[in-house]
Trainee: 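The structure that follows is given in the form of structure tokens.
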Amino acid sequence: MRTKIVAGNWKMNTLREDAFALATEISGMLKSETFPSARVILAPPFVHLAAIAQLMQGTRVEIAAQNCASELSGAFTGEVSAPMLKSVGCSAVIIGHSERRAYFHENAAQLHKKTVLALSHQLTPIFCVGETLPEREAGNHEATVLSQLSDSLFSLPASDFSKLVIAYEPVWAIGTGKTASADQAQQMHQFIRNEIRKKYGEEIAGGISLLYGGSCNETNAAELFALPDVDGGLIGGASLKSRSFVNIIRSF
Ligand code: PGA
């Protein structure tokens, strides 16, 4: 049985009081109802991480950062390192989100370094891959995703690779309301798992959690999560409303 995961990527949203309220509402609902045994992860903005991690102590909610530095420490103004995240109570970190790749020009080599640093500080990397609309329309979606995997991750030893979570997020589905169809999602998740199988073998391919992201919400989550190779979701917009987010967790 693979670990099921629902992770909420809050992006650059929530002031301090909103962040506290959202996390408190979510953890409260999870406590009071019976939920499937999934990892529930919230990824607030950096400035709230320490406080929200403290607030969530003793609950089943884990805290992730939305990014980390590709260096360990030193003169990198404005950056936040993997060990800093660990020290304030994070257990995971999103790496290579398409917004980081597109707007901040993060490249495969940097994403590899971030992944290695996250792993060496016992943070679960939630590594994002996904094609743009032109790439899909040109029939290059599989090649794009394969090169994202192989350029940043396939040099990892098996013992490290097995600790990753991979999120397939087609760029055209993020924040657009245009979710991938069940067929498109399953086809790509199966492709990713097959490529992992070719590289790392059956045990690792069969054990790794693959999340879908891109306009996943309480209406479509059940269909997506029921797909054989989808193990949960990375949720943007719908993670900012406690009730919607909790309903997504309930969709397994
Ligand atoms: P969305 O974002 O759910 O708002 O489409 C998903 C993501 O970017 O992780």
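In listed order, ligands and their atoms are each counted from 1.
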Trainee: Answer yes or no: does an N/O atom from S215 fall short of 3.5 Å to an N/O atom of ligand 1?
Mentor: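 Right, the criterion is met.
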Trainee: Between Y200 (side chain only) and F154 (backbone N and O only), is there a donor and an acceptor less than 3.5 Å apart?
Mentor: yes
Trainee: Can you tell me if E223 has over 12 outside heavy atoms packed within less than 6.0 Å of its CD?
Mentor: no
Trainee: Let's go through Y168 and E131 carefully: what are the C-alpha distance in whole Å and the side-chain angles of both, what is the deciding distance for side chain to side chain contact (heavy atoms under 4.5 Å, CB included) to 0.1 Å, and is it a yes or a no?
Mentor: CA-CA 9 Å; Y168 168 58; E131 81 285 358; 2.8 Å; yes
Trainee: N/O of A238 under 3.5 Å from N/O of ligand 1, yes or no?
Mentor: no
Trainee: Kindly check if the number of other-residue, nucleotide or ligand heavy atoms within 6.0 Å of NZ (K241) is above 12?
Mentor: no
Trainee: Identify the closest protein heavy atom to atom 3 (O) of ligand 1: which residue and atom is it, and at what distance?
Mentor: G236 N, 2.9 Å
Trainee: Could you list the atoms of ligand 1 found under 4.0 angstrom from a heavy atom of K11?
Mentor: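 The atoms of ligand 1 under 4.0 Å from a heavy atom of K11 are 2 (O), 7 (C), 8 (O).
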Trainee: Which of the numbered atoms in ligand 1 are below 4.0 angstrom from a heavy atom of E169?
Mentor: 6 (C), 7 (C), 8 (O), 9 (O)
Trainee: Flag yes if more than 12 heavy atoms outside R16 fall under 6.0 Å of its CZ atom; otherwise flag no.
Mentor: no
Trainee: Need the ligand 1 atom indices (1-based, order shown) with element for anything under 4.0 Å from a heavy-atom of G214.
Mentor: 5 (O)
Trainee: Check this for me, if you would: do D231 and R39 make a salt bridge, where the nitrogen-to-carboxylate-oxygen distance has to be below 4.0 angstrom?
Mentor: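 No.
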Trainee: Test your reading of the structure: does E99 have an N or O sitting under 3.5 Å from an N or O of ligand 1?
Mentor: no
Trainee: Keeping the roles fixed (side chain from K178, backbone from A173), state whether a donor-acceptor pair exists under 3.5 Å.
Mentor: no
Trainee: Using a strict 4.0 Å cut-off to heavy atoms of A173, name the atoms of ligand 1 that fall inside it.
Mentor: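 Heavy-atom distances to A173 below 4.0 Å select 5 (O).
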Trainee: Between S251 and A221, is there a donor-acceptor pair closer than 3.5 Å when you use the side chain of the first and the backbone of the second?
Mentor: no
Trainee: Can you sort out which atoms of ligand 1 are near H97, meaning under 4.0 Å from one of its heavy atoms?
Mentor: 7 (C), 8 (O), 9 (O)
Trainee: Please list, in number order, the atoms of ligand 1 under 4.0 Å from a heavy atom of G175.
Mentor: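 Counting from 1, the qualifying ligand atoms are 1 (P), 4 (O), 5 (O).
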Trainee: Starting from atom 4 (O) of ligand 1, locate the nearest protein heavy atom and write down its residue, its atom name and how far away it is, to 0.1 Å.
Mentor: G237 N, 2.8 Å
Trainee: Can R100 and E106 be counted as an ion pair, charged N to O under 4.0 angstrom?
Mentor: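 A salt bridge links R100 with E106.
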Trainee: Please work out, at 4.0 Å between heavy atoms, whether the side chain, the backbone, both, or neither of I174 comes within that distance of ligand 1.
Mentor: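 The part of I174 near ligand 1 is both the backbone and the side chain.
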Trainee: Looking at N9, which atoms of ligand 1 are within less than 4.0 Å of one of its heavy atoms?
Mentor: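 Every atom of ligand 1 under 4.0 Å from some heavy atom of N9: 9 (O).
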